[in-house]
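Predicted model, so just to flag it, every value in this text is computed and none were measured. By convention here, the first residue in the shown sequence is residue 1.
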Amino acid sequence: MDAEERLSPEEVAEPTILSAHHLHRYRLAARLCGGKRVVDLGCGTGYGADLLARGGAEEVLGVDIDPPTVAGATRRYGRDGLRFAAGDAVEVLGGLGAEDVDVVVAFESLEHLTDLDGALAQLERLAGHGVRLVLSVPNSAMWEEDNAFHVTDFDARSARAAFGRFDDVVVLHQHLAEGSVLLGDGEDREGRPFSGELREVANGEPEYAQSFVALVGFGGGVVDGALAHLNVVVTPHQNRFMLGLERANRQLRQANSALATGYLGNGDAGAATVLAKYASAQPELERLRAELAAKDARIAEIVEIAQRNDDLFQLERRHHDARRYRIADRVAGALSKARLPGRG
């Protein structure tokens with residue numbers, strides 16, 4: 001898997017499943033942050049904090065642990081009402097109170113933290129004082145991802161456990177999907193065609209979602225706003241089937257190897273024995289040759305099927321193994337402690 005963690009503004013601008021995966025969450029958050037003071041924890045290159053600000057947030061502070069990334073975000077997006085700071089997540093959260101911030105957004109960042117419990121404790125403290133939270137973690141344990149930047153690999157069970165410590169929490173399951181999209185003539189505030197509302201979702205399995213999203217402090221009615229994003233009739237990618245196909249492909253490759261060793265690797269010695277023993281028995285020799293040829297053909301057929309399955313799987317897997325947007329998980333030296341100013 002490609003280990004580059006931060007989605008660039010150029011990648012966000014591309015009409016891909018990867019960009020849709022990340023922008024969908026930020027567009028949901030923008031709907032919930034209108035008129036609010038927001039901290040975007042793990043803001044990366046800053047495109048999400050920019051979207052929150054343009055979506056109507058009163059103030060946005062983007063925080064990332066990497067100073068060069070923060071400097072780039074400042075140059076590209078910094079302005080009145082939108083600023084960026086370098087800092088450790090737990091330290092930043094520890095310096096915030098309800099007098100400083102209304103909403104904390106943290107997308108695909110908690111899995112990188114060396115002190116996850118400390119971060120969750122600070123988020124729980126803030127939520128207890130009325131600060132709202134919009135959080136997400138990837139379902140990386142289910143996908144058996146090998147990501148050097150992850151300290152914690154979440155699955156459905158561990159994500160529920162992490163989010164279950166919050167009161168008034170709604171947990172959503174984000175799936176990648178394909179479908180028919182009906183577009184209107186209008187444009188949204190980003191110059192893209194309006195896409196209406198989600199009409200139907202079928203067969204979504206939470207354990208096989210791409211990411212888990214927690215909305216804390218907004219009330220149960222927020223789910224309607226979360227779903228009203230795309231006018232599509234979809235069936236989410238069947239991740240259970242794709243993982244099963246991957247396992248089947250591995251087994252098929254092992255079977256191919258065994259068949260090749262059994263029928264091809266020993267073929268020369270077996271043929272020599274047959275020729276020596278049955279030199280005068282041409283009909284039997286022809287039968288054996290035909291049988292061997294049939295087995296060779298079957299092996300070739302199995303290999304071809306395996307290759308087709310593998311090609312289909314790799315095409316699907318590219319959706320899931322595309323570069324993800326996550327902050328680095330190593331605390332870098334002594335970083336400045338960021339604090340969002342209260343209302344003056």
Exercise. What's the verdict on side chain to side chain contact (heavy atoms under 4.5 Å, CB included) for L82 and Y77, showing C-alpha distance, side-chain angles and the deciding distance?
Worked result: CA-CA 7 Å; L82 174 57; Y77 299 114; 3.9 Å; yes
Problem set entry | Residues forming a salt bridge (charged side-chain N to carboxylate O under 4.0 Å, His left out) with R125, sequence neighbours excluded | none
For this session: State the CD-CG distance between E59 and D80, to the nearest 0.5 angstrom.
Result: 10.0 Å
Seminar exercise, completed: Residues passing the side chain to side chain contact (heavy atoms under 4.5 Å, CB included) test with A106, sequence neighbours excluded, are L41, S109, L135
Seminar exercise, completed: Nearest heavy-atom contact between L120 and A162 is CD1-CB, 4.1 Å
For this session: For this output row, return yes or no: ring centroids of Y26 and Y47 closer than 6.0 angstrom.
Result: yes
Exercise. Are V63 and C43 close enough that some pair of their side-chain heavy atoms sits under 4.5 Å apart?
Worked result: no
Exercise. Is any side-chain heavy atom of F218 closer than 4.5 Å to a side-chain heavy atom of L32?
Worked result: yes
Exercise. Using the ring of each side chain (for Trp, its six-membered ring), is H150 parallel, tilted or perpendicular to H112, with breaks at 30° and 60°?
Worked result: perpendicular
Exercise. With S140, which of D155, D153, T152 fulfils side chain to side chain donor-acceptor pair (under 3.5 Å)?
Worked result: D153
Exercise. Are V92 and V101 linked, directly or through other ILVMFWY residues, by side chains that come within less than 4.5 angstrom of each other?
Worked result: yes
Exercise. Does the side chain of V213 reach to within under 4.5 Å of the side chain of V171, using non-hydrogen atoms?
Worked result: no
Exercise. Would V39 and V105 count as a side chain to side chain contact (heavy atoms under 4.5 Å, CB included) if you check the C-alpha gap in whole Å, the side-chain angles of each, and the deciding distance to 0.1 Å?
Worked result: CA-CA 6 Å; V39 169; V105 175; over 6 Å; no
Exercise. Under the salt bridge (charged side-chain N to carboxylate O under 4.0 Å, His left out) test, which residues partner R79, sequence neighbours left out?
Worked result: D50
Seminar exercise, completed: What one should report as the nearest heavy-atom pair of F84 and A49 is CE2-CB, 3.8 Å
Problem set entry | Side-chain donor/acceptor of S158 to backbone N/O of F154, under 3.5 Å | no
For this session: Could you tell me whether a side-chain N or O of R83 sits under 3.5 Å from a main-chain N or O of L61, the two making a donor and an acceptor?
Result: no
Seminar exercise, completed: Between A89 and L113 the two heavy atoms that sit nearest each other are CB-CD2, 3.8 Å
Exercise. Crowded around R157 CZ? As in, over 12 foreign heavy atoms under 6.0 Å?
Worked result: no
Problem set entry | Heavy-atom donor-acceptor pair, E11 side chain to S8 backbone, under 3.5 Å | yes
Problem set entry | Test applied, side chain to side chain contact (heavy atoms under 4.5 Å, CB included); reference residue, V104; option that passes from V38, V216, L93 | L93
For this session: Without swapping roles, check the side chain of N139 against the backbone of E207 for a donor-acceptor pair under 3.5 Å.
Result: yes
Problem set entry | CG-NE2 distance between L96 and H129, expressed to the nearest 0.5 angstrom | 12.5 Å
Exercise. Within a strict 4.5 Å, meaning less than it, do heavy atoms of the E58 and K36 side chains meet?
Worked result: no
Problem set entry | R165 and E124 ion-paired at < 4.0 Å | yes
Exercise. Does L133 share a hydrophobic cluster with V90, counting links as ILVMFWY side-chain heavy atoms below 4.5 Å and allowing steps through other members?
Worked result: no
For this session: Evaluate the side chain to side chain contact (heavy atoms under 4.5 Å, CB included) criterion for residues Q174 and R25: first the C-alpha distance (whole Å), next the side-chain angles of each, then the deciding distance (0.1 Å), finally the verdict.
Result: CA-CA 9 Å; Q174 185 178 20; R25 289 190 294 264; 2.6 Å; yes
For this session: Report yes if the distance between the aromatic ring centroids of F212 and F163 is under 6.0 Å, otherwise no.
Result: no
For this session: Could you walk me through whether L28 and L172 pass the side chain to side chain contact (heavy atoms under 4.5 Å, CB included) test, one step at a time?
Result: CA-CA 11 Å; L28 167 62; L172 306 176; 4.2 Å; yes
Exercise. For the residue pair G217 and R132, what are the closest heavy atoms and their distance?
Worked result: O-NE, 3.2 Å
Exercise. Does the side chain of V134 reach to within under 4.5 Å of the side chain of F107, using non-hydrogen atoms?
Worked result: yes
For this session: Of all the heavy-atom pairs spanning E108 and S136, show the shortest one and how long it is.
Result: OE2-OG, 2.8 Å
Exercise. Would you say V103 and V131 make side-chain contact, with heavy atoms under 4.5 Å?
Worked result: no
Seminar exercise, completed: Scanning both residues in full, the closest heavy-atom pair of L126 with G97 reads CD2-CA, 3.9 Å
Exercise. Do S211 and H21 touch side chain to side chain, with heavy atoms closer than 4.5 Å?
Worked result: yes
Problem set entry | L51 vs R27 side-chain heavy atoms within contact, under 4.5 Å | yes
Problem set entry | Charged N-O contact under 4.0 Å between E99 and R37 | no
